[in-house]
Student: 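Before I ask anything, let me first share the structure, which is written out below as structure tokens.
Chain naming here is simple, since letters A, B, ... match the order of the sequence lines and numbering starts at 1 in each. As the structure is a prediction and not an experimental result, all values here were calculated from the model.
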Amino acid sequence: MNSPDFQLAFATLIASPQLCKQAIADEPSVFDQFALTEKEKTRLRSVLRQKGMSICCSLYRMNRITPLYTQLTQTATLLGDELITLAEEFWESYPDSSLQFKEEVLAFGQFLLAKLEVGTLKFPYLQEILRLELAINELSYTPAIIEKTVHFDYDIVAILLAMDRGTLQTERLQKVQVAYKVYLEEQTLKLALL
Amino acid sequence: MDNTNEKLGVGLLYNASLPEYLEHNIEQVDYIEIIPDMFWSDEGRNAYPRFVDLPQWRHQLNWMAKQVPLVAHNIGMSLGTLNYFDKGYIQFMKEMNESYRFRWHSDHLSFIKLPTKGPHDHNAGIAIPVPYDKDYLAMLREKISFITEQIELPFLIENNVYFVEYPDQDYSETDFINQLVSTNDQANILLDIHNLYANSVNHKLKARQYIDELRMDKVVEMHIAGGNEMGGMYMDSHAGPCPDEVWELLDYAVSKAPNLRGITFEFHESYFPLLRFDGLNKQIEMAKAIWNKYTLQPYYHELA
Ligand SMILES: [Fe+2]
């Protein structure tokens with residue numbers, strides 16, 4: 001008889017190459033977290049040692065990074081190589097990923113904003129870009145919401161223009177409290193200064 | 001009109017790169033296959049309304065529905081998940097079918113959602129094949145019966161691509177699928193030729209033997225696609241044009257599938273720049289050549 005725990009164990013292993021290594025080195029420390037039959041343990045033992053297991057782990061990561069790249073393009077550009085490190089940290093703390101792009105993007109955005117807030121992540125202008133892109137995410141998946149008012153500590157338009165020029169890291173933008181009305185017209189982003 | 005056995009021809013799996021192509025080349029495709037989950041946002045089981053329209057996407061869907069027949073290809077039923085069946089999702093698909101009159105619908109022989117206590121299910125990130133065991137067979141039969149009772153359409157089960165193999169299963173894949181579709185007239189098979197090819201490369205599976213073993217009279221649709229290598233394995237990445245081996249296998253499979261109603265070319269939208277209009281037309285033409293070879297001369301292969 002197959003158990004739901006086998007599905008959960010397999011999915012948990014696919015989500016964490018680290019846990020796969022641990023399961024190979026110290027099987028009970030991982031397998032005992034689940035109610036598995038002997039047959040299911042044999043199956044997991046086998047798949048963990050197959051070449052395809054690392055492919056499954058990679059596919060999991062590729063599929064989970066896709067919504068972040070798709071909806072948080074400027075955030076991804078700004079973070080550069082840091083994105084993968086932060087996404088991995090996020091996946092460790094939020095293993096309950098959603099199939100919905102909107103939820104997944106929102107959870108990652110809030111994870112980054114919380115880190116900025118407490119100071120464990122310091123990244124100039126990231127907060128502004130995130131506020132903008134989370135607003136766009138909400139607008140694109142919530143048709144009932146037509147527009148959003150978003151407050152920024154730096155002028156978001158100046159940030160976007162500097163990113164476009166590739167000079168954001170060298171420019172010193174003035175701190176200024178501004179609010180914009182954010183909306184989409186034919187899928188194109190529009191910003192109106194308030 | 002009774003569409004029960006209508007043969008459609010060659011279609012495309014819809015993705016976000018296609019609107020412009022379709023606008024100018026709609027006459028190239030005999031039908032369009034859609035992934036319904038792309039057109040609505042699922043707000044979670046407790047939300048009301050649970051499924052919310054994404055207007056831009058729905059606009060495109062309505063346009064396509066006016067041009068050509070549609071078929072639905074689900075990714076979200078997660079039929080393989082134990083102790084779980086999202087009947088609200090099936091109910092929603094029933095309503096969508098009433099609006100769009102899909103010719104058939106389908107999903108995979110795998111699980112991707114795991115139930116949680118919250119409103120949203122956990123996403124396993126990849127579709128994980130079910131073990132081909134007796135209890136899974138019974139569970140899937142029951143779910144498919146529910147689906148075909150609720151939605152009066154052929155329901156197709158797609159063969160998996162897999163990267164790891166479970167030891168000691170009760171059935172082979174072909175045996176499992178054959179048994180699954182044998183007790184329900186509306187349960188049929190979506191044979192993904194590229195998945196089969198990928199499995200043959202990665203696991204030394206004999207693709208033609210697989211086709212010989214499968215109930216080919218139950219195959220209603222075939223998928224074709226391209227792929228590429230990653231980490232020493234051949235991936236079902238839908239990376240542009242079909243490799244030669246897929247065309248050869250398609251020809252072999254179509255020759256043995258008297259009830260085939262459509263061949264669908266799948267590609268990932270990020271490969272559109274590689275294919276473009278000409279490349280897509282070429283894939284469709286090649287598929288049509290095989291389609292015509294066997295469907296314009298019915299059962300010629302049996303006489304030969
Ligand atoms: Fe497929």
Student: Which heavy atom of A:S58 sits nearest to which heavy atom of B:M230, and what is that distance?
Tutor: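 Nearest heavy atoms, A:S58 then B:M230: CB-CE, 3.7 Å.
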Student: Quick check: do B:M235 and A:L59 have side-chain heavy atoms less than 4.5 Å from each other?
Tutor: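 A side-chain contact exists here, since the closest heavy-atom pair is under 4.5 Å.
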Student: In terms of heavy-atom pairs under 4.5 Å with chain A, which of B:Y136, B:Y162, B:F111 leads?
Tutor: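 Heavy-atom pair counts peak at B:F111.
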Student: Rounded to the nearest 0.5 Å, what separates atom CG in B:D42 from atom OH in A:Y141?
Tutor: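 OH of A:Y141 is found 13.0 Å from CG of B:D42.
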Student: Suppose we screen for side-chain contact (heavy atoms from CB on, under 4.5 Å). Which residues come up paired with A:A179, at least two apart in sequence or across chains?
Tutor: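 With sequence neighbours excluded, A:A179 shows a side-chain contact (heavy atoms from CB on, under 4.5 Å) to A:T149, A:H151, A:L194, given in chain and number order.
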Student: Please check if the number of heavy atoms outside B:K94 that lie under 6.0 Å from its NZ is greater than 12.
Tutor: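 Atom NZ in B:K94 is packed in, count exceeds 12.
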Student: Specify which of A:I55, A:N63, A:T142, A:L44 makes the most heavy-atom pairs with chain B at under 4.5 Å.
Tutor: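 Between A:I55, A:N63, A:T142, A:L44, the count favours A:I55.
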Student: Ignoring hydrogens and geometry, is there a side-chain-to-backbone donor-acceptor pair from A:K102 to B:S41 under 3.5 Å?
Tutor: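 Not a single qualifying donor-acceptor pair exists.
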Student: May I ask you to decide if A:N2's main-chain N or O and B:D135's side chain share a donor-acceptor pair within less than 3.5 Å?
Tutor: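 Yes, because the side chain of B:D135 sits within donor-acceptor range (under 3.5 Å) of the backbone of A:N2.
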Student: Which of residues 7-27 of chain A have a heavy atom under 4.5 Å from any heavy atom of chain B?
Tutor: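 Within residues 7-27 of chain A, the residues that come under 4.5 Å of chain B (heavy atoms only) are A:Q7, A:L8, A:F10, A:A11, A:I14.
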Student: Measuring from atom CH2 of B:W57 to atom OG of A:S140, what distance do you get when rounded to the nearest 0.5 angstrom?
Tutor: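 Answer rounded to 0.5 Å: 11.0 Å.
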Student: Compare every heavy atom of A:Y60 with every heavy atom of B:G125, then report the nearest pair and how far apart it is.
Tutor: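 Heavy atoms of B:G125 and A:Y60 come nearest at CA-CD1, 3.8 Å.
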Student: Which pair of heavy atoms, one from A:F6 and one from B:P131, lies closest together, and at what distance?
Tutor: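 Nearest pair, atom of A:F6 first, then B:P131: CE2-CG, 4.3 Å.
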Student: What part of B:S237 lies closer than 4.5 angstrom to a heavy atom of chain A: side chain, backbone, both or neither?
Tutor: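 Neither part; nothing is under 4.5 Å.
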Student: Which heavy atom in A:T42 sits nearest to a heavy atom in B:P167, and how many Å separate them?
Tutor: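 So the minimum-distance heavy-atom pair works out to O-CG, 4.3 Å.
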Student: If you look at every heavy atom in B:D168 and A:K39, which pair is closest and at what distance?
Tutor: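 Here B:D168 and A:K39 meet closest at O-CE, 3.2 Å.
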Student: With a 4.5 angstrom heavy-atom cut-off, which part of A:R43 approaches chain B: side chain, backbone, both or neither?
Tutor: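 Both parts, heavy atoms under 4.5 Å.
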Student: For each of B:D37, B:V52, B:I128, tally heavy-atom pairs with chain A at distances under 4.5 Å, and name the one with the top tally.
Tutor: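 Of B:D37, B:V52, B:I128, B:I128 has the most heavy-atom pairs under 4.5 Å with chain A.
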Student: Can you establish whether the number of heavy atoms outside A:Q33 located under 6.0 Å from its atom CD is more than 12?
Tutor: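 Enclosed.
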Student: Nearest 0.5 Å, please: how far is CD in A:Q50 from OH in B:Y166?
Tutor: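 Rounded to the nearest 0.5 Å, the OH-CD separation comes out at 10.0 Å.
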Student: Are more than 12 heavy atoms, taken from residues, nucleotides or ligands other than B:H203, located less than 6.0 Å from that residue's NE2 atom?
Tutor: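 It does: B:H203 NE2 has more than 12 such atoms within range.
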Student: With a 4.5 angstrom heavy-atom cut-off, could you sort out which part of A:S46 is near chain B: side chain, backbone, both or neither?
Tutor: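 Contact with chain B is through the side chain of A:S46 alone.
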